[in-house]
Protein chains: 2
Amino acid sequence: MAIWKSQAPTLLDVARLADVSLKTASRVLNNARVNEDKVIRVKAAMERLGYRPNELARGLKAQRSAAIGMIVPNLSDPFTANAVNAVQEVARANGFVVILASSGGDVDVERSEIVSLVGRQIDGLIVAPADSRKDSFSDLLPNGVHAVTFDQQLRNADLDSVTVTNRRGTREATAHLLGHGLKRIVAIGARPHLYTCRERVAGYRAAMKAAGIEPRVCLVDHEGMLTPAWLKDQVFDLQQADAILSLNWVCTILSLRGLRELGKTAGRDVPMLSFDDFDLADMLTPALSVVKQPAEMLGREAATLLFERLKGGRVEPRTLVLPTSLILRESCGCRSLS
Amino acid sequence: MAIWKSQAPTLLDVARLADVSLKTASRVLNNARVNEDKVIRVKAAMERLGYRPNELARGLKAQRSAAIGMIVPNLSDPFTANAVNAVQEVARANGFVVILASSGGDVDVERSEIVSLVGRQIDGLIVAPADSRKDSFSDLLPNGVHAVTFDQQLRNADLDSVTVTNRRGTREATAHLLGHGLKRIVAIGARPHLYTCRERVAGYRAAMKAAGIEPRVCLVDHEGMLTPAWLKDQVFDLQQADAILSLNWVCTILSLRGLRELGKTAGRDVPMLSFDDFDLADMLTPALSVVKQPAEMLGREAATLLFERLKGGRVEPRTLVLPTSLILRESCGCRSLS
DNA sequence: TCGTCTTGAGACACCGTTGTCAAAAATTAC
DNA sequence: GTAATTTTTGACAACGGTGTCTCAAGACGA
């Protein structure tokens, strides 16, 4: 057991106890060549004092922190939570810690968080950008600090990034709904300034165009605007929806609730298909059909890309696109499936 | 705009550019008394160089890092994600960052993460312990680093902690089910070594005892063991359940799925009430009645407790117990409600 | 005009660790 | 046994800031 002094022991304390120089203790710590007997003495001293190297000091000297930053808009979204989980795992495996920050979807907060993280000498950064209209934030990153974006993609792609096949996802989803004979399919989305939203809308439009049907897109600036009244006016009265394609998780939740308040049941009265899977989507009645994103894999790949970068190697930015998958349950009209 | 040199600029660079001493630049940075004109020169130099103070160096000198650690078993649980969110917000407001780690519910991982975080000189720690049988981990914390536990509570409570009224929560829930005339209520839980599990079971037992009915508790060591077959054998065949009280989120999900595989619908065929609310619990059919935990508040209070500690002040450990609330929807048998 | 007080600014050491380099010790060769 | 080598070790200076102390300069009253 360790003997606690009033202050945490330093390497100097260890060295003194082991009766060697500071540097020798440091060498033992770093597995450099040191005589067997001194190694033993030093290790014993470390054990006895309960010595823990000060990573701050180590990082200061070595100009690195063995920490990466991660900025997400909102942890409550299960997609994000899963991605964060995966990143954290990969980081741990590489001996890094993750400093987590959430931007609340606000670019200014995002930028200020980046500045704060950079001040903490993070070695790398993983961001799910809050706004993809803006130019990349690489102007905030000092030389040598690399960043990877995921989920969203920035305009001037000078960064590694990982996204999913958003466009194909909604295209296939829309085509599927069309296959059920549905025509007045309304796409509901929020935050049209986001890359994902634009891409998903594009996929939807492509499928509608291919079918020769006029697309009906209803977007709100912020999810908060998606109320039952809005749903009634915009989606049903104005667009005469006979099916709904929800473009993200929050929209799905709000649509589901809104629909019920209007006395309709999603999937029964109004066929519905949503982007992003979540726990219990399969337990809704009818079970919700979705476009599933590989959230954990997204996080894992983003982290892997970052660590490859940190180890040196690649130069030009790389973009990874992971496949979405259409999970057909019941709400899209596929009642036949169990 | 900043001029990027190959290396990030240091305070010395600033001082040289402003033609003042290093210390004066430092004074400007810390708003100490400095002549007006030098302040201007230094600030201009900082602006020009895009100077950002090195928090590692600052922290090394000041023996603090303005970072707190947070360890949770699993981010995928919405309860946890919300708590983390709240902690992060409070930390940010106090100028701190959060280093997030997940233990995966493994005490050894938890302890090793704590050691790692301590090495990074965190100023405080917030933990949702992975095992509440074990003694507190305060042996791992150096002098001056305080910790707060939340959700779970450790045996030797030498730490601040925030929990909810687990016992009252299940007691009221059970009483409610009993009020519907249900008798063979089976409590389903996992990880019986956890404080929350024990407390929730205790609340359930108390209510059953008060009603003079034999309690029926079915616990599994790990959630993975909760399969449809187990549900059929243990819960229905053996205990002849006519109602289910699920003691946590994962059990709820698995019970819901298991029930369906057995051809039953939770809430219709088998009344059900669950601990922990989640998005879309209200959209299940029938809507799931739950005991709701104030997750964000839990996180916020935990962080607040920690920062109070950091500012000095209290000495003896404090335990905060936040109220759960019974949210009656339909699955408990309250069909009458909307 | 001199001494005292106030204010501002620089020199220096230090936080805990590691890179550099040269000295000391151990090993080998002759 | 001595010289040439190899290894092991320690002194010293960083890394990027801040606390302490001292000293210089300006303000003020007598």
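All chains are named by letter (A, B, ...) in the order of the sequence lines, taking the proteins before the strands, and each is independently numbered beginning at 1.
- Put simply, A/Gln63 has no side-chain N or O that comes within less than 4.0 Å of OP1 or OP2 on D/dA14.
- The phosphate of D/dC15 (OP1 or OP2) has no side-chain N or O of B/Asn54 nearer than 4.0 angstrom.
- DNA chain C is contacted by both B/Lys61 and B/Ser21; B/Ser21 maps to the nucleotide lying nearer its 5′ end (nearest heavy atom per residue).
- Using a distance-only test at 3.5 Å, with no hydrogens or angles considered, no donor-acceptor pair links the side chain of B/Ser136 to the main chain of B/Leu154.
- Checked against ring-ring contact (aromatic ring centres under 6.0 Å, His included), A/Phe137 has no partners two or more places apart in sequence or in another chain.
- Nearer to the 5' terminus of DNA chain C, by closest-nucleotide assignment, is the contact made by A/Ser26 (compared with the other of A/Asn35 and A/Ser26).
- For residues 66-92 of chain B, the pairs satisfying salt bridge (Lys or Arg N to Asp or Glu O under 4.0 Å) are A/Glu113-B/Arg92, with sequence neighbours left out.
- Between the CG atom of A/Leu22 and the P atom of D/dA13 there is a distance of 14 Å, given to the nearest Å.
- With a heavy-atom cut-off of 4.0 Å to chain B, the contacted part of DNA chain C has its first and last nucleotide at C/dG8 to C/dG16.
- One cannot find a donor-acceptor pair under 3.5 Å joining the base of D/dG19 and the side-chain atoms of B/Arg27.
- If you check every strand for non-hydrogen atoms under 4.0 Å, A/Leu11 touches sugar and phosphate atoms only.
- Counting heavy atoms from C-beta outward, A/Phe96 and A/Leu310 have side chains that approach closer than 4.5 Å.
- Here CG of A/Leu56 is found 9.0 Å from CZ of B/Arg120. Values are rounded to the nearest 0.5 Å.
- No side-chain N or O of B/Thr10 forms a donor-acceptor pair with one of B/Asn54 less than 3.5 Å apart.
- Rounded to whole angstrom, the span from the CZ atom of B/Arg58 across to the C1' atom of D/dG19 amounts to 14 Å.
- A/Asp151 and A/Thr196 share no donor-acceptor pair across their side chains, judged by distance under 3.5 Å alone.
- Side-chain proximity of B/Lys23 to the nucleotides D/dG17, D/dT20, D/dA11 is greatest for D/dT20.
- Rounded to whole Å, atom C1' of D/dG26 lies 15 Å from atom CZ of B/Arg33.
- Rounded to an integer number of Å, the gap from CD of B/Gln121 to P of D/dG16 is 19 Å.
- OP1 or OP2 of D/dT9 sits under 4.0 Å from a side-chain N or O of A/Lys38.
- In this entry the distance linking CG of B/Asn30 with P of D/dG16 reads 17 Å, nearest Å.
- If you check every strand for non-hydrogen atoms under 4.0 Å, B/Leu56 touches nothing.
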